[in-house]
Structure formats: C-alpha cells, structure tokens
There are 2 protein chains.
Amino acid sequence: MTRKKSAPVLHRDDPDKEPLVGNVKVTRQDWVNVAMDVLISDGVEMVKVLVLADRLGVSRSSFYWYFKSRQDLLDALLENWQKTNTEALVTQAEMPAGTITGAVCNVFRCVMNPALFNNKLDFAVRDWARRSGPVRRVLDQSDARRLSALSGMFERFGYEPLEALTRARILYFMQIGYNDAELHEPMDERLRLLPNYLLGFTGKAPQQDEIDDFIAYVEEISGETNSA
Amino acid sequence: MTRKKSAPVLHRDDPDKEPLVGNVKVTRQDWVNVAMDVLISDGVEMVKVLVLADRLGVSRSSFYWYFKSRQDLLDALLENWQKTNTEALVTQAEMPAGTITGAVCNVFRCVMNPALFNNKLDFAVRDWARRSGPVRRVLDQSDARRLSALSGMFERFGYEPLEALTRARILYFMQIGYNDAELHEPMDERLRLLPNYLLGFTGKAPQQDEIDDFIAYVEEISGETNSA
DNA sequence: TTTTAAATGGACAGTAGTGTCCAGTGATAT
DNA sequence: ATATCACTGGACACTACTGTCCATTTAAAA
C-alpha cells in the first residue's frame with residue numbers, strides 16, 4: 001500500500017555518466033526501447049513481457065515495477081510514435097522549397113532518412129492499428145494531420161484545393177503502399193524511378209538539378225548510416 | 001488406423017438440395033467460409049479453432065475431422081485467396097480498352113467491385129504476410145504478377161518500359177495505401193477525386209465520357225450490392 | 001559500517017489456446 | 001431392425017501467456 005509503483009526514481013540520472021554496459025541496471029526507457037524493437041520486427045502481439053525480459057536478461061516480474069501492466073507499456077509506445085514521426089513529416093512538408101518538385105523531394109528526404117522518420121516504426125504502428133480500435137483512432141488523427149500538411153504544400157505551389165488534396169493523397173498513400181510491399185528493395189531501384197515518380201506526383205517534369213540534389217542527399221544519409 | 005481423415009465424403013453433395021438451415025450439417029467449406037470471415041474482420045491471430053467452432057455452433061474437436069491442424073486450414077485460406085484475387089486483377093488489367101484512362105478505369109472497376117475482387121480479404125492477407133514468412137513469399141509472388149500485368153497495360157498504350165513500371169507502381173501501391181487508410185470512407189469522396197487521380201496515374205487528362213462511364217458502373221454495382 | 005528503499009527473481013494462480021483420445025450418436029444401406 | 005460409418009463432443013494433457021506475492025539482493029545514503 002505504501003509503495004508507489006509509478007514514476008520510479010532512477011539512480012542513473014545522467015545516462016552518459018554511467019553507460020549501460022553489460023546489464024548493470026535496467027531503466028524504464030530500456031524496456032521501452034526493447035519493446036520498440038520487438039514491435040518493429042515482430043508486431044505488437046510479440047511484445048510480451050517474457051520476451052522483453054529475456055532480451056534484457058532480466059526477470060519478468062521486474063517489468064511490473066516500471067509498468068502498471070502490459071497495456072501501460074503499449075500506451076507509452078504509441079505516444080512516443082505519435083509525437084516523433086508525425087511531427088517530422090509535417091515539419092518537412094512545411095519546409096520552404098523553390099518548386100513543387102523540390103517540396104516533394106523534401107518529403108522524400110524525410111521518409112527515406114531513418115534519422116528523421118522511422119519508417120519501419122510507422123508501419124508497425126499501422127499494422128497494430130488494424131487490431132486495436134483506440135490505436136486506429138490515434139493513427140487516423142495522425143494520417144489526417146499529415147495529409148493536411150501535404151495538401152497545404154501543394155496549395156502553396158498554386159494547385160487548386162481539390163487537386164492539391166488528390167496529389168497529396170497519391171503521394172502519401174503511395175508511400176504507405178510502397179513501404180508496405182517493398183521496404184527491403186534496393187535504393188537503386190527507387191532512385192532510377194525517381195524522375196517518373198516526381199512527374200506522377202506533381203504533374204510537372206523535374207529538372208535535372210533537382211534530381212541530382214536528391215541523389216546527393218541519399219548518398220549522404222547512406223554514408224551516415226554506414227559510419228554509425 | 002483404418003480411418004481416412006482426408007477427403008471426407010459429404011452427405012450433402014448438392015448444396016441446393018439441402019441448404020444449410022439452422023445447423024443441420026457442417027462441411028469443410030463451412031469452416032473455410034467462417035475462417036475467411038474471421039480473417040477479414042479480426043486478422044489471422046483470431047482464426048482459432050474454438051472461435052470458429054463457436055460461430056458454427058459446433059464442438060472444437062469436430063474441426064480435426066476436416067483439417068489436419070490449424071495450419072492446414074490457414075493453407076487452404078491462402079490458396080483460395082491467391083487464386084481468386086490475383087487472377088481477377090490480372091484479367092482486368094489485360095482487358096482491351098480504347099485509351100489508357102479507360103484501361104485504368106478497368107482496374108478501378110475490378111478493385112471497387114466486391115464481386116470481382118475481395119478488397120478486404122486482400123488486405124487481411126497482406127496483414128497476415130507481415131507475421132509469416134511463407135505467406136510473405138506467396139504475397140510477393142502475387143504482387144509481382146499483378147504489377148507486371150499493370151506495367152504491361154501501360155506499355156500497350158505506348159509508355160516506355162521504365163515509365164510504364166513507375167506508373168504501374170504508383171497505381172498499384174496507391175491502391176494498397178488507399179485501401180489501408182480509407183477503406184471505410186464514402187464512395188462520394190473517391191468519385192469526386194476521380195478525374196484528378198486519373199490525371200495523376202496516366203499523365204493524361206481524362207475525357208468526360210470516361211468519367212461518366214465509370215460513375216455509371218459504380219452506381220450499377222452499388223445497386224447490385226444492395227439488392228443481394 | 002549499517003540502514004533502507006529500490007529493484008529483482010522464483011513460485012504460484014488463472015486463463016486461453018492447440019491437439020489427442022475415445023465413447024457415443026444418428027442417418028443410411030442392407 | 002440393425003449394423004455401419006461418418007461425424008461429434010467431452011475430457012484430458014500440454015504449452016504459453018499475464019499478473020500477484022513475497023523473500024531476497026543490491027546500491028546509495030547515513
């Protein structure tokens with residue numbers, strides 16, 4: 001009765017001071033991180049306390065010190081996703097650009113860059129939403145917000161509202177479908193098709209320098225990924 | 001030992017002669033049908049033998065007379081899907097058409113018509129594939145087959161192979177994304193956006209009569225659905 | 001060094017699923 | 001009418017989860 005299970009006071013206030021070597025100490029965030037990994041690679045239904053505990057090399061019951069229940073953890077996961085990914089995409093859609101093609105490329109930059117937008121996480125959540133009403137509702141809100149940002153982007157470049165909305169939808173839902181089916185496909189293929197995609201999304205032929213800029217960006221983030 | 005569990009001889013050879021009123025008799029197909037319903041509405045992980053048995057008003061163990069195991073049933077579901085939906089889409093993509101817009105409308109006709117293509121089933125299987133390697137492989141094959149048919153469709157109307165492939169992808173993956181996010185949205189919205197979509201997919205402005213034809217078709221199939 | 005609260009792990013109870021076994025039932029053929 | 005065989009349902013064994021309880025350990029504070 002005297003125990004307060006919520007908001008544990010963690011001994012390791014500064015993570016840099018006492019890095020997580022071996023299995024010194026497990027924090028709430030460690031549980032969340034591992035849960036995120038499992039969510040992404042195996043789906044929600046594999047986010048089970050025993051699975052997570054094993055990965056952390058820790059007993060199952062420890063979990064209940066940090067979280068009220070499994071649901072408590074799932075809520076934390078969802079909240080985290082909602083803030084990071086949606087904000088990133090909206091920010092990128094609102095970024096200034098010289099042409100509509102450049103603006104679409106900005107969106108691509110976001111979606112392709114793991115540092116800006118966790119594509120796999122986004123997809124895992126979409127997956128999850130199919131089995132859970134509450135999650136579905138949160139996802140629908142995020143989709144509406146993202147779509148509205150994309151639609152606004154087209155409008156800023158002179159498209160009529162209806163056409164802007166259509167193009168936003170084609171762009172956004174194409175991303176979803178593409179990532180669903182071809183997440184593991186080589187980047188080369190996507191780059192090869194880039195000019196055609198841009199034409200399809202914008203109705204305007206892209207300039208060569210816009211293509212070049214984008215390819216340079218992709219090479220840049222590929223380098224970063226490898227060096228990490 | 002003498003029992004042959006496979007290929008049960010069903011007493012009801014002609015389903016019309018002895019329709020399934022009440023719970024006269026359960027057949028293998030009844031199990032498959034119910035499993036299909038559950039797969040579509042609740043996902044694979046809810047396709048449990050007890051759930052199905054309850055829906056059929058029958059005991060759980062009866063299941064094992066018709067199926068070797070739960071996996072046996074799942075295999076049957078997948079095989080059924082693969083044959084119906086993929087064949088339907090490919091057929092529709094190969095259909096003769098006067099213009100590329102008309103050809104794209106043919107594809108739309110298929111995807112929108114529950115009698116030709118079970119959209120929700122398609123999505124349920126896609127969902128399932130995310131959790132199962134073997135299913136993923138079957139799905140990838142189907143996707144490749146469908147994409148190739150769509151690409152060929154664009155090529156028949158003079159698009160270069162690379163552009164044809166891009167447009168096929170935009171069309172196909174847009175459908176996937178759209179159905180994922182907006183399956184429950186009103187048809188009105190989709191029809192309102194139709195001309196813009198067609199422009200985006202083909203790069204050519206649609207003719208008014210092509211739009212009219214399509215809208216007439218949609219009204220026709222809506223009527224059929226209601227009268228059933 | 002001792003104290004103490006945070007954090008842990010093992011044992012347990014409860015639930016939900018799969019698959020097996022087998023005695024029983026009822027429709028059909030003889 | 002009855003014997004047979006297709007078909008069913010209840011009982012059981014097994015496994016895998018969630019969540020609770022509690023005695024013990026450990027690290028920080030005194």
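In what follows, every chain begins at residue 1, and chains take the letters A, B, ... in the order their sequences are listed. Quantities reported herein were computed from a predicted structural model and do not represent experimental measurements.
Salt bridge annotation for Arg55(B)-Asp42(B): present, with a cationic side-chain nitrogen under 4.0 angstrom from a carboxylate oxygen.
At whole-Å resolution of the value, CZ in Arg28(B) and P in dC7(D) are 13 Å apart. Here the P atom of nucleotide dC17(D) and the CD atom of Gln71(A) are 18 Å apart, to the nearest Å. Between Phe63(B) atom CZ and dT20(C) atom C1' the separation is 14 Å, expressed in whole Å. Rounded to whole Å, atom P of dA7(C) lies 14 Å from atom CG of Leu56(A). In this structure, the CG atom of Leu73(A) is 11 Å from the P atom of dG19(D), given to the nearest Å. Taking atom CH2 on Trp65(B) and atom P on dT18(C), their separation rounds to 21 Å, with Å as the unit. As a whole-Å value, the separation of Asp72(A) CG from dG19(D) P is 10 Å. Taking atom OH of Tyr64(A) as the reference point, atom P of dC22(D) lies 17 Å away to the nearest angstrom.
Proximity of Tyr66(A) to the phosphate of dA6(C): no side-chain N or O atom is located under 4.0 Å from OP1 or OP2. Under 4.0 angstrom from either OP1 or OP2 of dT8(C) there lies no side-chain N or O belonging to Ser59(A).
Relative ring orientation between Trp31(A) and Tyr66(A) is described as tilted, the plane-to-plane angle lying within the 30° to 60° band.
Residues Arg145(B) and Thr86(B) come closest through the heavy atom pair NE-CG2, 4.1 Å. For Pro161(A) against Glu155(A), the heavy-atom pair with the smallest separation is CA-OE2, 3.9 Å.
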Pick out the pairs of N or O atoms, protein on one side and nucleotides 11-17 of chain C on the other, that lie under 3.5 Å.
{"unit_1": "dG17(C)", "atom_1": "OP1", "unit_2": "Lys48(B)", "atom_2": "NZ", "d": "2.9"}

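For Arg137(B), there are no side chain to side chain donor-acceptor pair (under 3.5 Å) partners, not counting sequence neighbours.
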Yes or no on salt bridge (Lys or Arg N to Asp or Glu O under 4.0 Å) for Lys68(A) and Asp75(A), after CA distance, side-chain angles and deciding distance? CA-CA 11 Å; Lys68(A) 199 176 126 288; Asp75(A) 291 346; over 6 Å; no

